[in-house]
Protein chains: 2
Amino acid sequence: MDPLDGKVIGCLLHNARATFAEIGAEVGLSAPAVKRRVDRLVASGAIRGFTALIDPDVLGWQTEAYVELYCKGTVAPEELRRSLERVPEVVGAATVSGTADALVHMLASDVKQLERALERIRDEPNVDHTRSVIVLSRLIDRPRT
Amino acid sequence: MDPLDGKVIGCLLHNARATFAEIGAEVGLSAPAVKRRVDRLVASGAIRGFTALIDPDVLGWQTEAYVELYCKGTVAPEELRRSLERVPEVVGAATVSGTADALVHMLASDVKQLERALERIRDEPNVDHTRSVIVLSRLIDRPRT
DNA sequence: GATGAAATTGCCTTGGG
DNA sequence: CCCAAGGCAATTTCATC
């Protein structure tokens, strides 16, 4: 990852649908040179993909929660990931320091759907109990710059 | 937003660099028809933009934390937002139910940078104290599907 | 559908190891 | 000397009217 790769990534973070020529004009490369770099960054996994930023209200998924997960005994992170990734309402999850084992970020259309998803998580054999806070209003949601 | 718009958004969430023809093949429309819908969704604000998903390790911002914020007395959400948005390490924030007033998601290059950012937050006049958990390993990070 | 722009590919050049 | 990376040009595909 040289400094040019960083600039290319910066352009794509700002607008993932920019043409290679536009990116090239920003960073000082020809369009094919940019394409080759982007292809390489995707192949190497540095760029995981491209996505759209959607106004959450439009999707109608307005009920958001952060859930602390407490497990029974010791659970491997990989095992936890497998349990959580089957629940589509889970948009993020990470193992954390402190008394909880993991912090899970969930998004659902309403409280009812959130409750059903929570039940699915609690039913996992390695999950002991959960502790949730509901999001009242989202203050900041920056795309990882 | 009819069901076709939903499908179009689904395609763009999956791959923001898909061509209009590719999206059309998925959803059963011609390329120009898809373009008109995408243009309309962008103009209406339903699609806020397009971005790349970058492996956080590559950016070198590997230190991540979730911080519960406890305020003095009652603080308006808007006031809290103004305080937090001046700290670039804050990538997300929301007011929440429970004993904490807000949950703040932070990303920094290392623990030292994280600590400095936390100090800035604690120095805000309306902040009483904070309680942080550090992310050990990220299990899931789904683009809002 | 037609026209112009963009993506993609092959080939050659150049600079650094 | 070889390899990695870039530019140029030709072709195919896409965007756009």
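Per chain, numbering begins at 1; letters A, B, ... match sequence-line order.
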Mind calculating the distance between CD1 (A/Ile23) and C1' (D/dG6) to the nearest angstrom? 16 Å
Minimum heavy-atom separation for A/Val111 and A/Thr63, please, with both atom names. N-OG1, 3.8 Å
Could I get the full list of side chain to side chain donor-acceptor pair (under 3.5 Å) partners for A/Glu115, not counting sequence neighbours? none
Could I get the full list of side chain to side chain donor-acceptor pair (under 3.5 Å) partners for B/Arg131, not counting sequence neighbours? B/Glu68
Short N-O contact, B/Glu79 and B/Arg82, less than 4.0 angstrom: no
For DNA chain D, find the residues of residues 29-45 of chain A with a heavy-atom distance under 4.0 Å and give them by number; none if there aren't any. A/Leu29, A/Ser30, A/Pro32, A/Ala33, A/Arg36, A/Arg37
Could I get a table of every N or O pair under 3.5 Å where one atom is in the protein and the other is in nucleotides 11-13 of chain D?
none

For B/Glu124, give me all partners under side chain to side chain donor-acceptor pair (under 3.5 Å), at least two apart in sequence or on another chain. B/Ser83
Could you tell me the separation between the CD atom of B/Glu22 and the C1' atom of D/dA15, rounded to a whole number of Å? 13 Å
Sole candidate of B/Arg116, B/Arg120, B/Gln113 that passes side chain to side chain donor-acceptor pair (under 3.5 Å) when paired with B/Glu89: B/Gln113
When hydrophobic residues are tied together by side-chain contacts of less than 4.5 Å, even through go-betweens, does A/Ile140 share a cluster with B/Val96? no
A/Phe20 atom CZ is separated from C/dA5 atom C1', nearest whole Å, by 14 Å
Restricting to pairs with a member in residues 28-37 of chain A, which pass salt bridge (charged side-chain N to carboxylate O under 4.0 Å, His left out), not counting sequence neighbours? A/Asp2-A/Arg37, A/Asp5-A/Arg37, A/Lys35-A/Asp39
